[in-house]
J.: 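Take a look at this one; I'll ask things after.
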There are 2 protein chains.
Amino acid sequence: MQTTVLKLQTTDRARGIAATLEEEIVLGWLMPRERLVEEELAERLGVKRHVVREALAELERVGLVERVPNRGAFVRLLDPTEVRQIYSVREALETLAAEQIPMPAPDRLLSRLKEIQDAHSAAVASGDARAAFRANMIFHEALFAACGNPHLVELIQAMAQKVHGARSITAASAEHLALARDEHLGMIEAIRAGDRARLVALCRKHLGPSRDAYIAAAEARFARSKTIAR
Amino acid sequence: MQTTVLKLQTTDRARGIAATLEEEIVLGWLMPRERLVEEELAERLGVKRHVVREALAELERVGLVERVPNRGAFVRLLDPTEVRQIYSVREALETLAAEQIPMPAPDRLLSRLKEIQDAHSAAVASGDARAAFRANMIFHEALFAACGNPHLVELIQAMAQKVHGARSITAASAEHLALARDEHLGMIEAIRAGDRARLVALCRKHLGPSRDAYIAAAEARFARSKTIAR
DNA sequence: GTCGCCATGATTGTCAACAATTCTGTTGAA
DNA sequence: TTCAACAGAATTGTTGACAATCATGGCGAC
């Protein structure tokens, strides 16, 4: 066995950096409004500045980061209206996908989901928020990919990405993680039982907590920032 | 009156270049499989290479262009399956949006659509495919923006963009352009009459021609390329 | 004649220096 | 004290040179 030193190119490395920054945002390690200085990130993450630059451009396109010319990049702060709109689209998309998942589901899908969920449950049990986040993403991708339309899956993921900046509240909370775990188990069970209505309902319900937690927090913050002016 | 020489920065210029290239693809000026050489484009469009680079990265993200490391960028060739999947999602999204357009519609919306359609009709009459394409995009944006959810509109546009590479057949055909014009007029009329069902049906029907034309052409091409091998 | 190999050219990928812009803190006058 | 102007620092934006990589075509061996 030979350890191949694979040499990635800028675009790929930038993707990796973007993913890393995305995680740090979701986990609340990078907070909204926080400034993202190119050289700083470049040094910390061990890449050249132009790679960071490209990563930031990607995160801007995705909507996680805001960039103003000559001033730099910031973690974007979503306002409650926007969050509501995004979640409304997510609901429609995920319902659409869930309705196209073949029922009865192939064993292959069920065992795959169970396997992923084991990893997720383990991460939740050990309180490893990062691992939980990763497993969570993989679970949803595998679930919706079963609808058979990769382009629909892509949209679902894109919309999920958009609100990652709004998820630092729930992504680190043991309570919310446990709830997510239980709902995942419920989805698997619904698929196994061939109960489509229940699956769709669970998907919809699954979106609620993080949305509501963020909106509550954001509205409190907005109210505050109004009284303090700016 | 003073002509301000506004100085755009790379990101913005890249957006413009990307839009230009997109148009050239839609109008069939750049064909699928055609190679896009950075320096060549840079010179032709009057920008530095790194701007073209960023534009190509964006077009790759969108799905109009394919890039292989160290080999360059090509106009992406969509296979019929993919096109079908994308159009299926488009149908769902546009239906969803059309169902949320307020009825009766505000006069403001109607007059706006009429105004845009006048420009479109004029372009169709004069056979100006580029102007028709632009007016067409503006029409659809204005139409779906009326649903009130900008994020849904964004998705609709993203999916439309994806198949731009498949539209060179219809985008330049006088016949198809005339049909599109009539359908637009039908939509305006449906909105005016408050006939939501008709609007939704028209939107769905509106997607058909370019999809079917491309699939027919592509299947012929695939069949050919199979016999000729490669 | 065909296959494989190397030299060459065309193209993309990487980098670090430089330019331009914005931000911060200080000074001095009203 | 407050404000404006200004210098200096911090940061982003731009450029051209250089390195790495891949396609092409010629040449020789079989």
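For clarity, every value in this text was computed on a predicted model and none was experimentally measured. Residue numbers begin at 1 in each chain, while the letters A, B, ... track the order of the sequences.
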J.: When you measure from the side-chain N and O atoms of A:Arg71 to the phosphate of D:dT11, is any distance below 4.0 Å, counting only OP1 and OP2?
T.: no
J.: What is the distance, to the nearest angstrom, from the NE2 atom on A:His50 to the C1' atom on D:dT12?
T.: 16 Å
J.: Among D:dA23, D:dG13, C:dT11, which nucleotide has an atom closest to any side-chain atom of B:Val37?
T.: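 Nearest listed nucleotide: C:dT11.
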J.: Grab the CD-C1' distance between B:Glu43 and C:dT12 for me, whole Å please.
T.: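 In whole Å, C:dT12 C1' and B:Glu43 CD are 17 Å from each other.
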J.: Ignoring backbone atoms, establish whether A:Arg67 has a side-chain N or O less than 4.0 Å from OP1 or OP2 of D:dG13.
T.: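 For D:dG13, OP1/OP2 do have a side-chain N/O of A:Arg67 under 4.0 Å.
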J.: Quick one: does any side-chain atom of A:Ser126 pair with a main-chain N or O of A:Ala122 as donor and acceptor, under 3.5 Å?
T.: yes
J.: Do A:Met31 and A:Val75 have side chains that approach each other closer than 4.5 Å (heavy atoms only, starting at C-beta)?
T.: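 With C-beta onward as the side chain, the pair stays apart.
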J.: Where the side chain of B:Asn70 is defined as all heavy atoms beyond and including C-beta, which of C:dA16, D:dG16, D:dT21 is the nearest nucleotide?
T.: D:dT21
J.: Report the relative orientation of the aromatic rings in A:Phe133 and A:His164; use parallel for angles under 30°, tilted for 30 to 60°, perpendicular for over 60°.
T.: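 Rings of A:Phe133 and A:His164: perpendicular, over 60°.
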J.: In whole angstroms, how far is the P atom of D:dT12 from the CG atom of A:Leu41?
T.: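 Roughly 9 Å, once rounded to whole Å.
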J.: What about A:Arg49, does its side chain sit under 3.5 Å from the base of D:dG13 through a donor-acceptor pair?
T.: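 Such a pair is found, so the answer is yes.
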J.: Check each of A:Leu207, A:Asp212, A:Ile215 against A:Tyr87 using the side chain to side chain contact (heavy atoms under 4.5 Å, CB included) test, and report the only one that passes.
T.: A:Leu207
J.: How many Å lie between CD on B:Glu39 and C1' on C:dG13, as a whole number?
T.: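 In whole Å, C:dG13 C1' lies 13 Å from B:Glu39 CD.
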J.: Taking atom C1' of C:dT11 as reference, at what distance in whole Å does atom CD of B:Glu34 sit?
T.: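 After rounding, the reported distance stands at 16 Å.
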J.: How many whole angstroms separate atom CZ of A:Arg35 from atom P of C:dT22?
T.: 13 Å
J.: By nearest heavy atom, map B:Gln9 and B:Pro69 onto DNA chain C; which one lands nearer the 5' end?
T.: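 On the 5' side of the pair lies B:Pro69.
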J.: So what does B:Leu56 hit on the nucleic acid, given a heavy-atom distance under 4.0 Å: a base, only sugar-phosphate, or nothing?
T.: nothing
J.: From the options D:dT12, C:dT12, D:dT15, select the nucleotide whose nearest atom is closest to the side chain of B:Glu38.
T.: C:dT12
